[in-house]
Amino acid sequence: MPELPEVETTVRGLRPVLEGQRIAGVQVRRPDLRRAFPEDLGQRLTGATVTALGRRAKYGLIDTDRGDTMVFHLGMSGHWRVDPAELKPHDHLVIETGAGRRVTLNDARRFGSVELWPTDALADYPPFVGLGPEPLGPEFTADGLAAALKGRSASIKTMLLDQRIVAGLGNIYAVEALYEAGISPRRAAGTVSRKRLARLVEAVHHVLEAAIAAGGSTVRSYASPDGELGHFAMQLHVYGREGEPCECGGTVKRYVEGGRSTFWCPRCQR
DNA sequence: CCGACAACCTGACGGC
DNA sequence: TGCCGTCAGGTTGTCG
């Protein structure tokens, strides 16, 4: 589930629990996700105080007063649980605060990752090298996008998923943004007009902001029974709606590209 | 550069 | 009810 809005929602949910708090205990119940955790993860975190939480692309950042940042990625199935009544299967990592709060990192498929990296050198964290601009930041512009896509023959959908072009979009929101912009996902990226790229940038902003807003309300109240962060249902226009009618009177179609489903309306996306 | 495919894992769901 | 195939929001690598 985790694209940028889900990670942002997760970080916002963890912030009031962890920020300014001392980490009283760390329990590693399984030592690896996609890669092994750092050997000394527990020692390096225990006793540290969390100074800030943040996000870069689809990665969550937990800074500590020891100069380390815990960088986590949620993969396909990862999520944090806040003050769960009891531990569940796939709660691989448990962090307890001095205030007696408890959060767990649960990831059934284990495509996620956890790493510790010097806070002042995060730009050198290998997954961050070469990342494109934040889609909600000032550097994600129609001009920048046009420059990055110039001459590219790959589909615009593929390019939106390329984290070097823009960092944080995943399959759902790439699909939804293209729908909102009225652009066919199959169109060669380099042939999309500057005017339509401007529309796409606006659509990306709108889709992500709406998703974050939808998640925010969930987080504020911890509405999910077991405190699971990043779970919310935003209204999606085409994703997962193969065969359903589009508002324009057309029908939502699906095709597979690069092993991933793309949903679109051929009538209103050109 | 590009598309296709596989690999990494587990769980949910539909069909029979 | 149970078994089996398919699919899932990500990343990384290979191959032609």
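Source: prediction; values computed, not measured. Lettering follows sequence order; numbering is per chain, from 1.
Remark: of the listed residues A/L145, A/L161, A/L178, A/L178 is the sole one forming a side-chain contact (heavy atoms from CB on, under 4.5 Å) with A/I156.
Rounded to an integer number of Å, the gap from A/L236 CG to C/dA8 C1' is 14 Å. For A/R187 and B/dG3, the CZ to P distance is 15 Å, given to the nearest whole Å. The CG-C1' distance, from A/D162 to C/dT11, rounds to 12 Å in whole Å. The CG atom of A/D107 sits 15 Å away from the P atom of C/dG9 (whole-angstrom rounding). Between the NE2 atom of A/H79 and the P atom of B/dG11 there is a distance of 12 Å, given to the nearest Å. Between the CD atom of A/E115 and the C1' atom of C/dT11 there is a distance of 15 Å, given to the nearest Å. We find that CZ of A/R152 is positioned 9 Å from C1' of B/dC2, with the value rounded to whole Å. What separates CD of A/E6 from C1' of C/dA8 is a distance of 13 Å, to the nearest Å.
Residue contacts shown for A/R34 include a base, since a base heavy atom lies under 4.0 Å away. The residue A/S113 sits apart from the nucleic acid: no heavy atom pair falls under 4.0 Å. At the heavy-atom level, A/R254 lies under 4.0 Å from the strands shown only through sugar-phosphate atoms. Residue contacts for A/G259: at a heavy-atom cut-off of 4.0 Å it reaches no nucleic acid atom on any strand shown.
Closest contact between the side chain of A/A154 and the listed nucleotides B/dT10, B/dC2, C/dA8 involves B/dC2. In this structure, the nucleotide among C/dA8, C/dT11, B/dT10 sitting nearest to the side chain of A/Q163 is C/dT11. For A/S261, the side-chain atoms get nearest to C/dA8 when compared with the rest of C/dA8, B/dT10, B/dC2.
When only modelled atom types and interatomic distance are considered, A/E257 and A/T158 share a side-chain donor-acceptor pair under 3.5 Å. Side-chain contact check for A/E180 and A/Y173: no donor-acceptor pair (N or O, by modelled atom type) lies under 3.5 Å. Donor-acceptor pairing under 3.5 Å is lacking for the side chains of A/T51 and A/D65. Using modelled atom types, one finds no donor on one side chain facing an acceptor on the other under 3.5 Å when comparing A/S155 with A/R186.
Using the Watson-Crick or G-U wobble rule with both distances under 3.5 Å, C/dG9 pairs with nothing in any strand shown. In a base pair of the Watson-Crick type (N1 to N3 plus N6-O4 or O6-N4) or a G-U wobble (N1-O2 and O6-N3), with each distance short of 3.5 Å, B/dC9 is matched with no nucleotide.
Within the structure, every side-chain polar atom (N or O) of A/S77 is placed at least 4.0 Å from both OP1 and OP2 of B/dT10. Side-chain nitrogen and oxygen atoms of A/R109 include none within less than 4.0 Å of the OP1 or OP2 phosphate oxygen of B/dC8. For A/H90, no side-chain nitrogen or oxygen approaches OP1 or OP2 of B/dC9 to under 4.0 Å.
Rounded to whole Å, the P atom of C/dC7 lies 16 Å from the corresponding atom of B/dA4. Straight-line distance between the P atoms of C/dC3 and B/dC8: roughly 25 Å, to the nearest whole Å.
Checking A/R110 against A/G258, the closest nucleotide of DNA chain B that is more toward the 5' end is the one next to A/G258.
Note on ring orientation: taking the six-membered ring where Trp is involved, the planes of A/F128 and A/Y59 are perpendicular (angle over 60°, cut-offs 30° and 60°).
No aromatic stack links A/F111 and the base of B/dC9, using centre distance under 5.5 Å and interplanar angle under 30°.
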